Amino acid sequence: MKYDPREIEPKWQKKWLEERVYEPDLDGAKKPFFNLMMFPYPSAEGLHVGNMYAFTGSDIYGRKKRMEGYDVFEPIGLDGFGIHSENYAMKVGTHPVDQAKKSEAHFYDQLQKIGNGFAWNERVETYKPEYYHWTQWLFVQMWKHDLAYRKRQSVNWCPKDQTVLSDEQVEDGKCERCGTVVIKKELEQWSFRITKYADQLLNNLEKLDWSEKVKIAQKNWIGRSEGAEIEFKIQDSISNIRVFTTRPDTLFGATYLVVSPEHPIIENLRSKIENWPAVEKYITEAKSKNNEERSAEGREKTGVELKEINAINPANGEKIPVWVADYVLGSYGTGAIMAVPAHDERDFEFAKKFHLPIRIVFPPIDIAEFGNASLDEFYKGSVFPGLGKDSLLVNSKKFDGMDSETAKKEITKFVRGELKTQFRLRDWIISRQRYWGPPIPMIFCDACAKAEKGEHKDMPGWYAVDEKDLPVLLPYVKDFRPTGSGVSPLATDKEFYEVKCPACGATARRETDVSDTFLDSAWYYLRYLDTRNEKSALNDARVKHWLPAALYTGGAEHSVLHLLYVRFVAMALHDWGFVDFEEPFKKFRAHGLIIKDGAKMSKSKGNVVNPDEYIANFGADTLRMYLMFLAPFEQGGDFRDAGVLGIERFLKRVWQYAGNKFSAVPAEAGIHVSSEKEIHSLLHKTIKKVTEDIEDLHYNTAISALMILLNGFEEHGTTKDDFGIFLKLLAPFAPHVTEEIWRETFGHATSIHHESWPVHDPKWLIADTVTIVLQVNGKMRGTLQMDASVTEEDAKAAALADENIKRTIGSAAPKKIIYVDKKLVNIVI
RNA sequence: GCCCGGGUGGCGGAAUGGUUUACGCAGAGGACUUAAAAUCCUUGACCCGAAAGGGUUUGUGGGUCCGAAUCCCACCCCGGGCACCA
């Protein structure tokens with residue numbers, strides 16, 4: 001019989017569903033193992049081979065855990081809300097509501113075919129009211145706990161997608177989705193106070209077993225800096241300017257201040273600024289500049305002095321000028337800095353351009369390199385003095401001679417500054433001016449606003465939709481295209497937005513923006529545990545039982561998007577008492593990227609691989625194994641058609657071997673084994689290797705070990721029992737063909753995927769003989785087979801007696817002989 | 001610029017202080033076949049050599065060590081992340 005995956009794969013997929021092979025008992029599971037993978041956006045033409053790569057890698061791990069006796073829960077769903085899906089619907093000219101149905105059917109059909117052990121009964125689709133009901137509930141909780149707020153602010157706006165974006169969705173000044181250059185807009189938006197958790201998000205990282213690069217990316221994104229806030233008085237004014245600095249020890253070197261164009265002090269001092277028109281012109285221009293324009297200028301420093309405004313350096317009472325420049329960001333720290341041009345490269349550049357004084361307070365140790373130049377000449381040069389390592393303070397009065405660390409504390413204390421920690425992380429802007437998302441469940445009443453009434457004193461007029469009135473259904477709006485006017489298409493549907501004020505009964509208005517897709521995916525894993533629950537977002541008992549998830553797998557591109565948001569939401573839920581963990585995923589592993597012809601797959605390059613045709617031609621088992629054999633799972637690899645053949649041959653050989661050797665022979669007869677010791681030793685080595693490699697996600701080497709074992713079987717023969725062990729080891733990789741052989745050829749009644757995982761017997765790993773490597777001066781000159789009980793003396797003697805060694809050494813007397821137990825003899829002459 | 005990965009045969013990769021190139025792909029030779037495909041067997045870094053064997057080789061240069069792809073220093077190249085964050 002021929003190996004025909006087209007026949008056996010659908011057969012077992014159907015049977016697994018009927019027999020509920022992959023449905024754990026969510027309430028009674030004894031050893032729960034939540035094997036979670038990032039669910040796909042069903043936005044494009046279909047499942048991508050990159051998705052399949054990710055899912056297969058996760059599934060193999062889950063299948064092994066199942067065989068090790070865990071109750072593995074491996075759910076799947078669709079992250080179907082959001083701009084991805086909406087843009088796709090626009091492109092193909094379908095309404096997102098209708099497109100969602102099509103995409104859903106197509107995706108689930110494809111996902112069915114890849115042969116993962118999904119718990120198909122517990123699916124989640126983020127665009128269904130029974131799901132987004134609870135996304136809205138989550139928003140209401142954020143509001144109730146003062147983590148959601150509405151504020152007018154400068155935001156990132158994508159002119160193509162016509163919506164606001166969060167900071168995390170802007171990459172290199174461009175929209176993360178479409179690559180359009182993002183511009184700044186002043187808009188009133190809903191945000192979540194993720195910054196409240198900045199410390200916790202950072203500190204918890206240490207305890208997490210996550211891919212290191214993801215942890216580093218999050219750490220950089222959160223961007224914690226220790227420093228101090230120091231107040232500078234303005235001469236002849238009651239105003240002052242607070243600056244944030246990480247180097248308060250260089251305060252005596254501060255020769256001017258710089259404020260950002262957004263800084264309120266500029267407006268406050270307007271009447272005193274002698275050159276106001278020039279200043280006004282500068283700040284207007286600076287505010288309108290987008291990132292691209294800024295980088296096009298090559299970051300050449302620009303700025304204008306606030307003439308007639310002087311600040312007083314609190315350390316030495318010096319009068320120093322104040323400038324406005326856009327190299328200081330309004331959104332970070334206090335929006336103002338003290339400039340220490342001798343020791344900060346940006347300040348140095350600026351000072352040189354505008355001829356501002358430069359004063360060294362930490363002399364470079366290697367000042368000798370610059371000859372005997374006076375400090376004056378030294379800093380007139382183009383070489384930035386930098387910060388002399390371990391150098392001691394000068395020009396700092398009573399602090400002269402102090403080291404940096406001590407001076408930070410002492411000088412801060414001296415000027416009554418405040419030690420402070422700053423974060424780069426900013427709040428998560430959650431509202432989107434698009435159609436395809438969960439409506440934000442808030443109502444605004446104008447009458448209440450005027451009367452200063454509402455649920456939150458800082459946001460009069462705003463009320464959350466009562467929880468019993470959720471979900472706020474997304475209406476079917478015919479023209480769902482973004483309006484571009486800063487409001488969502490929902491704002492055109494009067495029936496939707498016109499409501500009665502929950503407090504005073506006056507005519508009020510619903511919020512018409514929808515929430516960011518990343519909110520949908522920030523809690524989906526919780527919903528998997530009770531997808532049909534109509535009473536509550538989560539099932540407490542199951543949450544306790546199954547979470548935090550044992551393993552989460554997904555792409556590293558979500559390092560600072562999804563993976564940060566999902567942690568934040570878990571921390572909030574924890575603080576509100578809904579879950580008992582702060583971190584939702586104990587272990588996270590980022591898989592590599594599948595590329596094609598050395599380039600990322602993309603439609604524009606025309607190098608996207610669709611898994612369907614490969615599954616149709618070779619079968620899912622072959623494609624699964626091929627993808628896993630390419631390279632280590634965490635590395636990714638280049639997809640090349642030719643390589644698929646190697647795996648196809650391997651599986652055919654497995655099929656042939658099983659059929660030829662075992663189908664006709666009675667079970668108890670076994671078959672002839674020509675070299676029992678050798679083949680058993682190989683078998684148990686393989687069990688050990690495959691077990692360890694799967695644990696490390698080194699699927700490529702596990703597969704290679706299985707190939708070596710099959711080669712051994714073909715050469716030496718094996719027994720039916722031992723071949724059964726091989727099948728079990730292969731089962732996570734090729735679930736269909738192993739099931740077919742296990743049940744049809746071998747006649748077992750139950751699934752191989754519920755068999756127990758093989759355990760190696762150490763007695764077979766003890767070798768009778770060892771190979772001793774012979775070296776002369778570290779160069780290999782031969783090998784010797786010796787009994788495993790060989791002693792150092794025997795090995796050395798045998799080495800010296802070796803013909804080749806004798807010839808190499810000649811008449812020279814060995815100076816030294818290195819012996820590594822049962823491994824190597826190195827003769828030094 | 002800063003922070004992470006990485007650089008090994010014709011190719012994907014294996015080896016993290018002790019036999020470089022496991023496993024697979026492609027190649028070459030052979031068997032089977034009227035023929036082809038499929039399958040199987042042999043071979044397989046490079047140079048010298050008939051062979052035994054010797055020499056060279058893990059991006060480049062240096063170092064540590066009896067011994068380095070592996071550890072250390074400097075540099076080059078590729079991929080990814082951050083980027084005027086004070």
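Here the structure is a predicted model, which is why all the values come from computation and not from measurement.
Ring pair A:Phe244/A:Tyr332 is perpendicular by interplanar angle, where above 60° counts as perpendicular and below 30° as parallel.
For A:Met780, the listed nucleotide lying nearest its side chain is B:U20; candidates were B:G24, B:U20, B:A86. Among the nucleotides B:C84, B:C4, B:G13, the one closest to any side-chain atom of A:Lys213 is B:C4. The A:Val773 side chain lies nearest to B:U19 when the options are B:C23, B:G13, B:U19. Of all nucleotides listed (B:C40, B:C23, B:G54), B:C40 comes nearest to the side chain of A:Arg653. The A:Arg649 side chain lies nearest to B:U39 when the options are B:A22, B:U39, B:G12. The listed nucleotides are B:C4, B:A83, B:G18; the one nearest the side chain of A:Trp221 is B:A83.
Whole-Å rounding puts the A:Asp638 CG to B:G79 C1' distance at 13 Å. For A:Leu630 and B:C25, the CG to P distance is 13 Å, given to the nearest whole Å. Nucleotide B:G5 holds its P atom 20 Å from the CZ atom of A:Phe633, rounded to whole Å. One atom, CG of A:Leu593, and another, C1' of B:G81, lie 14 Å apart when rounded to the nearest Å. Rounded to an integer number of Å, the gap from CD of A:Glu634 to P of B:G6 is 11 Å. Rounded to an integer number of Å, the gap from A:Asn220 CG to B:G80 P is 17 Å. Between the CG atom of A:Leu627 and the P atom of B:G13 there is a distance of 14 Å, rounded to whole Å. Atom pair A:Leu563:CG and B:G81:P shows a separation of 15 Å (rounding to whole Å applied).
Judged by the 6.0 Å and 45° rule, A:Lys652 forms no cation-pi pair with A:Tyr3.
Note on A:Gln635: only backbone sugar-phosphate atoms sit closer than 4.0 angstrom, heavy atoms only; bases stay farther off. A:Arg426 comes within contact range of at least one nucleobase, with a heavy-atom separation under 4.0 Å. Within 4.0 Å (heavy atoms only), A:Leu774 reaches no atom of the nucleic acid at all. Across all strands, A:Thr771 comes closer than 4.0 Å to base atoms (heavy-atom distances). Within 4.0 Å (heavy atoms only), A:Asp347 reaches no atom of the nucleic acid at all.
Residues forming a salt bridge (Lys or Arg N to Asp or Glu O under 4.0 Å) with A:Lys215 (at least two apart in sequence, or on another chain): none. Taking the ring-ring contact (aromatic ring centres under 6.0 Å, His included) definition, one finds that A:Tyr53 meets it with A:Phe633, sequence neighbours left out. Partners of A:Phe588 by ring-ring contact (aromatic ring centres under 6.0 Å, His included), not counting sequence neighbours, listed by chain and number: A:Trp210, A:Tyr552. With sequence neighbours left out, A:Phe713 forms a ring-ring contact (aromatic ring centres under 6.0 Å, His included) with A:Phe723, A:Phe726.
A:Phe650 has its ring centre no less than 6.0 Å from the ring centre of A:Phe629.
When the P atom is compared between B:C47 and B:G10, the two are found 10 Å apart, to the nearest whole Å. For the P atom pair drawn from B:G18 and B:G67, the interatomic distance equals 15 Å after rounding to whole Å. When the P atom is used for both B:G6 and B:U16, the distance is 14 Å, rounded to whole Å. Taking atom C1' on both B:U19 and B:U57, the two are 15 Å apart, rounded to the nearest angstrom. Rounded to whole Å, the separation between the P atoms of B:G27 and B:C73 comes to 44 Å. Taking atom P in both B:A68 and B:G17, one finds a spacing of 14 Å when rounded to whole Å. Comparing B:U42 with B:G81, their C1' atoms sit 49 Å apart, to the nearest whole Å. Comparing the P positions of B:A69 and B:G59 gives an interatomic distance of 10 Å, to the nearest angstrom.
With respect to A:Arg589 and A:Asp209, a salt bridge is recorded, a charged nitrogen being found less than 4.0 Å from a carboxylate O. Taking the charged nitrogens against the carboxylate oxygens, A:Glu226 and A:Lys408 have no contact shorter than 4.0 Å, which rules out a salt bridge. A salt bridge does not link A:Glu793 with A:Lys796: every distance from a Lys NZ or Arg NE/NH1/NH2 to an Asp or Glu carboxylate oxygen is 4.0 Å or more.
The partner of B:U21 cannot be assigned: no Watson-Crick or G-U wobble pair with both contacts below 3.5 Å exists in any strand. Partner assigned to B:U34 is none, using Watson-Crick or G-U wobble distances below 3.5 angstrom. Summarising the base pairing, B:G1 is matched to B:C82 through a Watson-Crick or G-U wobble pair whose two defining distances lie under 3.5 Å.
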Can you give me the N/O atom pairs linking the protein to nucleotides 8-11 of chain B at distances under 3.5 Å, or say none if there are none?
{"residue": "B:C11", "atom": "O2'", "partner": "A:Arg640", "partner atom": "NH1", "Å": "3.1"}

Just the atom pairs and distances: protein N or O near nucleotides 63-69 of chain B's N or O, under 3.5 Å.
{"residue": "B:C66", "atom": "O2", "partner": "A:Asn826", "partner atom": "ND2", "Å": "2.3"}

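Rounding to the nearest 0.5 angstrom, the gap separating the NE2 atom in A:His716 from the CD atom in A:Glu678 is 4.0 Å. If you take OG1 on A:Thr250 and CG on A:Leu393, they are separated by 8.5 Å, rounding to the nearest 0.5 Å.
Of the side-chain N and O atoms in A:Arg781, one or more sit less than 4.0 angstrom from OP1 or OP2 of B:G54. The side chain of A:Tyr332 places an N or O atom within less than 4.0 Å of a non-bridging phosphate oxygen (OP1 or OP2) of B:A86. In this structure, A:Asn804 reaches the B:G54 phosphate: one of its side-chain N or O atoms is under 4.0 Å from OP1 or OP2.
Nearest-nucleotide assignment on RNA chain B puts the 5′-proximal partner with A:Lys823, out of A:Lys823 and A:Met338. The nearest heavy atom of RNA chain B to A:Ile216 and to A:Asn700 marks one nucleotide each, and the one closer to the 5' end goes with A:Ile216.
Contact of the A:Phe733 side chain with the A:Leu651 side chain is not registered, since no non-hydrogen atoms from C-beta on lie closer than 4.5 Å.
Syn is the glycosidic conformation of B:G9, whose angle stays within 90° of 0.
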